[in-house]
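Some notes on the structure that comes next.
Nothing here was measured: the structure is a model prediction, and the numbers come from that model. Labels below follow one simple rule: chain letters A, B, ... track the order of the sequence lines, proteins then strands, and each chain is numbered from 1.
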Amino acid sequence: MRSLLALALGLSLCAACGKSSNETPDAGSDAGPDFADGGCYTNPTTSYEIINACTDAGYVDKSPTLPLLLPDGGLPPLP
Amino acid sequence: MRISILLALLLGAAAPALAQSDGGTPNCSDLPNTLWLQIGDTQEPLIEYLGQALLNSAVEPMTLVYVTSGSCTNVDAMYNNTPITVTPKYIPTQAQMPGWTPAMPAPTCNNTQAGHPIDVANAALFVSTCDPSTPPADVELVRGPNQAYALVVPSASSQTAMTAEEAYFVFGFGSQGEAQPWTDESHLFIRTITKSTLLTWAAAIDVPAAKWKGVQEDTSTEVLNQVAQSTSPEATVGLLGAEIYDANRSSLKELAFQWFGQHHAWWPDSSSASYDKKNLRDGHYAVWSPTVWMTHIDPGTQVPVDPRTEYFINLILAKEQTPAFDTNTLDIVIGRGLVPDCAMKVTRSVEAGPLSLYTPDEPCGCYYDSKTGTSSCATCTDSSTCGGGTCRFGFCEAQ
């Protein structure tokens with residue numbers, strides 16, 4: 001349930017949160033409007049915005065192939 | 001007859017020596033001013049360093065005697081007044097164990113058959129995860145420093161990250177999960193279901209602890225060794241407290257983790273090479289819990305039954321107290337990879353719960369930065385130069 005909600009939020013609000021390339025600091029975040037500069041949040045307030053806030057920290061991008069994901073991207077029940 | 005009397009005399013003479021020493025192992029009851037702890041094994045490094053400072057203290061000397069066990073076992077023992085009956089470890093003096101440092105395993109002492117009551121217990125996660133009931137009236141819970149939990153792989157693995165969805169299939173489905181390359185359950189090294197490491201991860205990826213696939217290890221050391229020595233590095237992954245990983249980075253690699261709803265995977269630190277816990281502190285790394293410290297109080301007055309337990313817990317919180325301690329224990333907490341509350345920018349109230357912005361009453365983020373990397377804050381000797389902020393630990397904090 002949490003994953004579906006997060007997915008929906010992500011698709012509707014944020015196409016590419018975060019600003020850094022892999023372990024490469026970016027130019028930093030300014031005090032611009034929320035959801036500026038590529039999709040991260042410069043003034044986060046909600047939990048979703050906090051975990052996708054702008055930062056100069058390094059990160060990894062990963063899009064794993066998960067054959068058991070449901071067609072809508074949700075998670076199936078555990079066995 | 002004469003021989004038996006002689007034997008009895010000899011045994012009688014030997015008895016006191018045997019009571020004091022069993023091949024060099026002291027009796028716990030002979031150690032001075034002991035404080036008995038039952039802690040999660042992720043907290044052992046903290047206790048060893050703090051124990052040495054207490055042993056050497058001129059103002060509040062104590063000998064820490066401790067056992068490690070699962071956080072939920074510790075909660076249950078504290079709530080039900082279960083004594084420590086197994087053989088505990090203790091922090092030795094240089095006279096007792098010349099050359100000992102906190103980086104070495106602590107020695108053991110001889111317990112009594114009846115055991116000893118717990119003075120302070122620790123859970124390295126939200127206590128409500130173990131027992132959602134209201135704590136007993138005679139037990140006080142104190143929220144301590146925060147701890148990240150890590151996914152680790154062998155140094156030889158080419159893997160760099162795992163998403164929450166991947167983790168759901170890896171640990172919830174095991175061999176049937178088809179989440180490459182982690183499809184061999186004999187190479188998934190997890191913990192038993194009373195351990196904070198498993199329970200915190202379980203909450204984070206929505207896989208109940210009882211449903212996890214993999215090899216259940218009793219101790220962090222076992223996970224560490226199994227992962228580091230794996231002959232199938234690509235298929236291997238394990239769970240560790242971040243401070244255990246931090247102390248063993250040369251033999252392991254930490255995966256970045258992408259929580260549900262995140263668009264990138266992050267380490268607890270700002271990079272794989274740093275130790276600043278920046279992403280734990282600001283919410284980018286989601287898998288963390290507070291450590292919780294428990295002691296017995298008088299239900300009427302709410303005052304700890306043993307005032308030394310309050311002093312000890314306040315050392316972990318790095319609170320100012322009287323008499324002032326002779327070591328800056330904030331450095332010990334930070335040095336063990338824990339994040340004190342005063343350095344946090346986010347908080348949560350339940351396991352893997354939503355995050356909210358947080359400003360500590362007495363922030364120490366600038367000092368924390370200075371100890372784990374570099375601080376951009378102004379240095380100070382008093383608050384007069386802090387432009388309305390507060391000088392704390394030599395740095396101008398915002399308040």
Side-chain angles (χ1 to χ4, degrees), chain A residues 1-26 28-29 35 38-70 72-79, chain B residues 159-174 176-180 182 203-208 210-213 255-274 276 278-279 282-286 345-346 348 352-358:
Chain A
M1 186 62 183
R2 178 163 54 188
S3 61
L4 282 174
L5 182 62
L7 182 68
L9 275 169
L11 289 174
S12 63
L13 293 176
C14 187
C17 290
K19 296 166 66 177
S20 306
S21 58
N22 190 5
E23 294 215 51
T24 303
D26 69 359
S29 57
F35 201 59
C40 63
Y41 292 87
T42 51
N43 290 304
T45 56
T46 67
S47 184
Y48 178 79
E49 293 168 357
I50 288 169
I51 63 175
N52 290 301
C54 301
T55 176
D56 60 2
Y59 61 76
V60 175
D61 276 328
K62 188 171 189 188
S63 300
T65 300
L66 299 171
L68 300 187
L69 274 179
L70 300 175
D72 65 358
L75 298 170
L78 292 165
Chain B
Q159 301 301 312
T160 57
M162 189 184 289
T163 68
E165 290 82 0
E166 262 185 309
Y168 182 84
F169 288 113
V170 170
F171 296 111
F173 288 70
Q176 306 304 312
E178 300 183 42
Q180 299 294 342
W182 298 294
I205 65 169
D206 283 348
V207 176
K211 292 204 165 192
W212 275 56
K213 308 293 186 185
L255 297 180
F257 178 69
Q258 180 174 329
W259 200 26
F260 295 121
Q262 286 190 298
H263 298 266
H264 309 290
W266 309 86
W267 296 276
D269 306 287
S270 61
S271 72
S272 60
S274 59
D276 55 20
K278 176 182 170 70
N279 292 333
D282 69 14
H284 282 88
Y285 189 80
K345 298 176 181 176
V346 297
R348 61 174 27 138
L355 300 170
S356 57
L357 297 175
Y358 177 63

Open item on the list: With heavy-atom distances below 4.5 Å as the criterion, would you say the side chains of B:F169 and A:P64 are in contact?
Closed with: no
- [ ] Please state whether the side chain, the backbone, both or neither of A:T65 comes within less than 4.5 Å of a heavy atom of chain B.
- [x] backbone
Open item on the list: Which one wins on heavy-atom pair count under 4.5 Å against chain A: B:Q176, B:K211, B:E178, B:K345?
Closed with: B:E178
- [ ] Please look at B:D276 and chain A and tell me whether the side chain, the backbone, both or neither of the residue comes under 4.5 angstrom of a heavy atom of that chain.
- [x] neither
Task: Residue part contacting chain A, namely of B:A286, when any heavy atom lies under 4.5 Å - done: neither
Task: Contact summary for A:Y48 and B:G261, nearest pair of heavy atoms - done: CE1-O, 3.3 Å
Task: Options B:R348, B:Q180, B:E166, ranked by heavy-atom pairs under 4.5 Å with chain A, top entry - done: B:E166
Task: Distance, nearest 0.5 Å, that separates CG of B:L357 from CD1 of A:I50 - done: 4.0 Å
Task: CD on B:Q258 to OG on A:S63, rounded to 0.5 Å - done: 7.5 Å
Task: B:H284 NE2 to A:T55 OG1 distance, which is reported to the nearest 0.5 Å - done: 5.0 Å
TODO: Mind checking the CG-NE2 spacing from A:D61 to B:H263? Nearest 0.5 Å is all I need.
DONE: 11.0 Å
Task: From NZ (A:K62) to CD (B:Q159), nearest 0.5 Å - done: 5.0 Å
Open item on the list: Report which part of B:S356 has an atom under 4.5 Å of a heavy atom belonging to chain A: side chain, backbone, both, or neither.
Closed with: backbone
Open item on the list: Determine whether a donor-acceptor pair (N or O, by modelled atom type, separation under 3.5 Å) exists between the side chain of A:S47 and the backbone of B:L355.
Closed with: yes
Task: Distance-minimising heavy-atom pair for A:G58 and B:W266 - done: O-CE3, 3.4 Å
- [ ] Measure the shortest side-chain to side-chain distance between A:L75 and B:D206 over non-hydrogen atoms and say whether it is less than 4.5 angstrom.
- [x] no
Task: A:L66 and B:Y168, any side-chain heavy atoms less than 4.5 Å apart - done: no
Open item on the list: Working to the nearest 0.5 angstrom, can you tell me the gap between A:L78 CG and B:W212 CH2?
Closed with: 11.0 Å
